[in-house]
Amino acid sequence: MRIFSFRYVILAFLGLSVIGTLITFYNYLCNGRKETNSPNSVQNKNYDIRKGSNKEDAKKSSDTTSDSGSSKASESFFNCFCIVTNLRKILQTSTNEDPLSCLFGMRSLSTMWVIFCHCIAFYCGALKGVDNIEIFNKWYGQFLLNAHSVITAFFLLGGFLNAFLFLSYYEKTNGKIPYVLYYLNRVIRISPLYMLVYGFSTYLYSYTGSGPLWPRYTINTLCRDTWWQNLFYITNLWSVYNQCLPWGWYVMVDMQLYIISPLFLVPLIKWPKLGYSLIITAILGGSLASYILTLQYNLGSGISSFGPKNQGFYSTVSQFWEYFDKLYAQPYTRISPYLIGFLLAHYVYKRRMNKTAKESKLTLLCGWIISTVLMGIFVFALYGRDVTTWDIAVYNGVKEIFFSCGFGWIVYVCVTGQAGILNTFLSWKYFAPLSRICFSAYLINFIIIIRYYFQADKLETPILLPLVYQMAHVFSLTFLFSFLISLIFEFPVARLFTSCVKSKTKMEKKD
């Protein structure tokens, strides 16, 4: 019964998209006819033929005024689902020279890097003799082994944008933040798309392919039984083996950190010293938690310990899932980059308000050196060493802070226009459409990768060509389906919510 209900939801969105597109097209044709029939010569001719007809037309139009309100409301509703209108909004490249436009490039490239890492991880798991691949024992192989932690960049960017927009709105409304709307906007932004992917994985995924490893179930019972954990954004509190969408941990943690954001942002605005104290205390607390838990459970540091001189791939992966449950997917370890994003946003915002001059060349040089050193420590700290649990505990305790500070410097110089050619590249206007479908791409890329390997009938050979083919397959399908999902589901819901908020605001102003 539920499978048919979910199908009806999909069909409803498709139907609304068709109706909305047809109505928009009809209005376009009608407006075109009105413009064709409205020259002054035609109006004067009609007036001469039937004197006083303008008055009669005015009377007719006044009779239909009461109907126009409901007509416009229905047209506005269906226009939210119009494929043509949503297509224009997705593909819009105009950024109005916004200094924050560099974040489009950062978000797009970070998403592509995450998908690349997922492809590499699954490819290694399907290889013959993966433990004998020498690249993972080379210095440049450390970029791959530590690539999974690039998700830290998303938390820093998320914290930065959340704080910057909160600060701007707080200033604009004199501190009158509508907190219900603040949270509701986030839920509407994330929940419909996430639950769509969740429902697809539960009821329809098993019908999309076949193969030696293809699941035999018709309904994923694990997903069906844990729906409430996902609905309330707490599924990361359970083991990865009891999660329907393990990669959804990022959505869970991001929402959890967003919920507690005002506890730090309001003091940061009203009582800066208290705000800074709370943020620094929370950052140090998260670092201490990582250190203690690593020692207590003898955790690793992700998959950075993998290599011919250390331990095998499958034992590393097994250890990684314990690390995933205890540290990787928990808010107390991800709060550091998120709050560092707060500090960065507060500084950038104040800098704009005070119209502070650009940094000197010496300051920029020192900043780049420190940023490079911090991110270098993040990548190579454990390379080529016989590490102990204490070494790993210290590394896990500080790596999020080091990476966030190093990456935060890049964000700072870009949003303040001091990064030169790097800022020009990241602000490339064609990153804007790509960044609008990044959330969809993150949610579905794992599904496409898993489907690819569930259909495989043999292990991969450690050569370049199969990896290139896999990546081309995954990237093309991921962004194609992300585009379609955003066009038909994500953007219509977001526009409908925005339209409702605007209508309510207009009614309150009239009252």
Side-chain angles (χ1 to χ4, degrees), residues 114 118 121 148-149 151-152 154-156 158-159 162 182-184 186-202 220-264 278 281-303 317-339 341-342 392-393 396-397 399-400 404 439 442-443 446-447 450:
V114 167
H118 290 165
H148 64 281
S149 294
I151 200 74
T152 302
F154 279 106
F155 285 107
L156 185 133
N162 181 15
Y182 173 78
Y183 290 114
L184 188 60
R186 190 67 169 185
V187 171
I188 296 297
R189 168 72 178 84
I190 292 178
S191 294
L193 184 58
Y194 180 79
M195 296 310 292
L196 175 73
V197 175
Y198 179 83
F200 174 83
S201 299
T202 305
N220 190 326
T221 55
L222 175 62
C223 294
R224 184 192 60 191
D225 297 338
T226 59
W227 63 269
W228 61 275
Q229 299 173 9
N230 291 271
L231 184 63
F232 292 103
Y233 297 96
I234 55 175
T235 188
N236 62 311
L237 303 180
W238 278 260
S239 170
V240 65
Y241 301 106
N242 296 320
Q243 295 181 25
C244 172
L245 307 178
W247 60 96
W249 71 269
Y250 167 75
V251 181
M252 306 294 115
V253 175
D254 185 71
M255 178 61 79
Q256 291 161 9
L257 294 176
Y258 186 88
I259 290 173
I260 64 172
S261 292
L263 299 179
F264 298 96
L278 290 174
T281 301
I283 291 174
L284 295 178
S287 178
L288 183 62
S290 298
Y291 172 81
I292 293 174
L293 289 173
T294 301
L295 289 177
Q296 183 178 354
Y297 294 99
N298 193 25
L299 301 177
S301 56
I303 60 172
V317 170
S318 178
Q319 188 183 55
F320 172 78
W321 292 124
E322 185 178 9
Y323 164 79
F324 181 93
D325 286 338
K326 297 295 190 302
L327 293 182
Y328 189 78
Q330 300 305 322
Y332 46 78
T333 57
R334 298 298 181 175
I335 196 171
S336 295
Y338 202 79
L339 294 183
F342 281 11
I392 297 175
N396 285 344
K399 68 176 183 177
E400 298 289 331
S404 299
F439 182 54
Y442 175 81
L443 289 179
F446 233 97
I447 296 177
I450 294 173

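Any value given below was found using the heavy atoms of this structure, including those in side chains, with hydrogens, waters and symmetry copies removed. If you're wondering where the values come from, they're calculated on a predicted model, not measured in any experiment.
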Legend entry - Qualifying residue for side chain to side chain contact (heavy atoms under 4.5 Å, CB included) with Trp249, from Val240, Thr235, Leu237, Ile151: Ile151
Pair up each side-chain donor or acceptor in residues 327-334 with any protein partner under 3.5 Å, not counting sequence neighbours, and list the distances.
residue : atom : partner : partner atom : Å
Tyr328  : OH   : His148  : O            : 2.7
Gln330  : NE2  : Asn236  : O            : 2.9
Gln330  : NE2  : Asp325  : O            : 2.9
Tyr332  : OH   : Lys326  : O            : 2.6
Thr333  : OG1  : Leu327  : O            : 2.5
Thr333  : OG1  : Gln330  : O            : 2.9
Arg334  : NE   : Tyr328  : O            : 3.0
Arg334  : NH1  : Thr152  : OG1          : 3.2
Arg334  : NH1  : Glu400  : OE2          : 3.3
Arg334  : NH2  : Tyr328  : O            : 3.2

Legend entry - Residues in ring pair (Phe, Tyr, Trp, His ring centres under 6.0 Å) contact with Tyr233, at least two apart in sequence or another chain: none
Legend entry - Spatial distance of atom OG1 (Thr294) from atom CG (Leu299) [nearest 0.5 Å]: 5.0 Å
Inset, instruction - Take Ile447 and Ser201 through the side chain to side chain contact (heavy atoms under 4.5 Å, CB included) test and state the conclusion after the steps. - result: CA-CA 8 Å; Ile447 296 177; Ser201 299; 3.6 Å; yes
Inset, instruction - Please test Asn396 against Tyr323 for side chain to side chain contact (heavy atoms under 4.5 Å, CB included), starting from the C-alpha separation and ending with a verdict. - result: CA-CA 10 Å; Asn396 285 344; Tyr323 164 79; 4.2 Å; yes
Inset, instruction - Using a 4.5 Å cut-off on heavy atoms from C-beta on, say whether the side chain of Phe200 contacts that of Val197. - result: no
Inset, instruction - Please tell me if the side chains of Val251 and Leu443 come closer than 4.5 Å, counting only heavy atoms from C-beta onward. - result: yes
May I have the list of side-chain donor-acceptor pairs in residues 285-293 shorter than 3.5 Å, sequence neighbours left out?
residue : atom : partner : partner atom : Å
Ser287  : OG   : Gly397  : O            : 2.3
Ser290  : OG   : Gly286  : O            : 3.2
Tyr291  : OH   : Trp390  : NE1          : 3.1

Inset, instruction - Classify the ring geometry between Phe324 and Trp321 as parallel (under 30°), tilted (30 to 60°) or perpendicular (over 60°). - result: perpendicular
Legend entry - Rounded distance [0.5 Å steps], OH in Tyr258 versus OH in Tyr338: 7.5 Å
Legend entry - Nearest atoms (heavy-atom pairs only) where Leu339 meets Ala282: CD1-CB, 3.4 Å
Legend entry - Distance (rounded to the nearest 0.5 Å) between Leu156 CG and Phe342 CZ: 10.5 Å
Inset, instruction - Could you pull out the closest heavy-atom pair between Tyr241 and Leu222, with the gap in Å? - result: O-CD2, 4.1 Å
Legend entry - Closest contact, heavy atoms only, Arg189 versus Phe439: NH1-CD2, 3.7 Å
Inset, instruction - Sequence neighbours left out, what passes ring pair (Phe, Tyr, Trp, His ring centres under 6.0 Å) with Tyr250? Give chain and number order. - result: Phe154, Phe155, Tyr442
Legend entry - Side-chain touch Phe446/Leu245, heavy atoms, less than 4.5 angstrom: no
Inset, instruction - To the nearest 0.5 angstrom, please state how far the CD1 atom of Ile335 sits from the CG atom of Leu284. - result: 11.5 Å
Inset, instruction - State which residues pass ring pair (Phe, Tyr, Trp, His ring centres under 6.0 Å) with Tyr183; sequence neighbours excluded, sorted by chain then number. - result: none
Inset, instruction - Working to the nearest 0.5 Å, report the span between CG of Asn298 and CD of Glu322. - result: 8.0 Å
Legend entry - Minimum-distance pair of heavy atoms, taken over all atoms of Ile190 and Met255: CD1-CE, 4.2 Å
Inset, instruction - Sequence neighbours left out, what passes side chain to side chain donor-acceptor pair (under 3.5 Å) with Tyr182? Give chain and number order. - result: Asn162
Inset, instruction - With the side chain counted from C-beta on, respond yes when Ile450 and Trp247 share a heavy-atom pair under 4.5 Å apart, and no when they do not. - result: yes
Legend entry - Spacing of Tyr194 atom OH and Leu196 atom CG [to the nearest 0.5 Å]: 12.0 Å
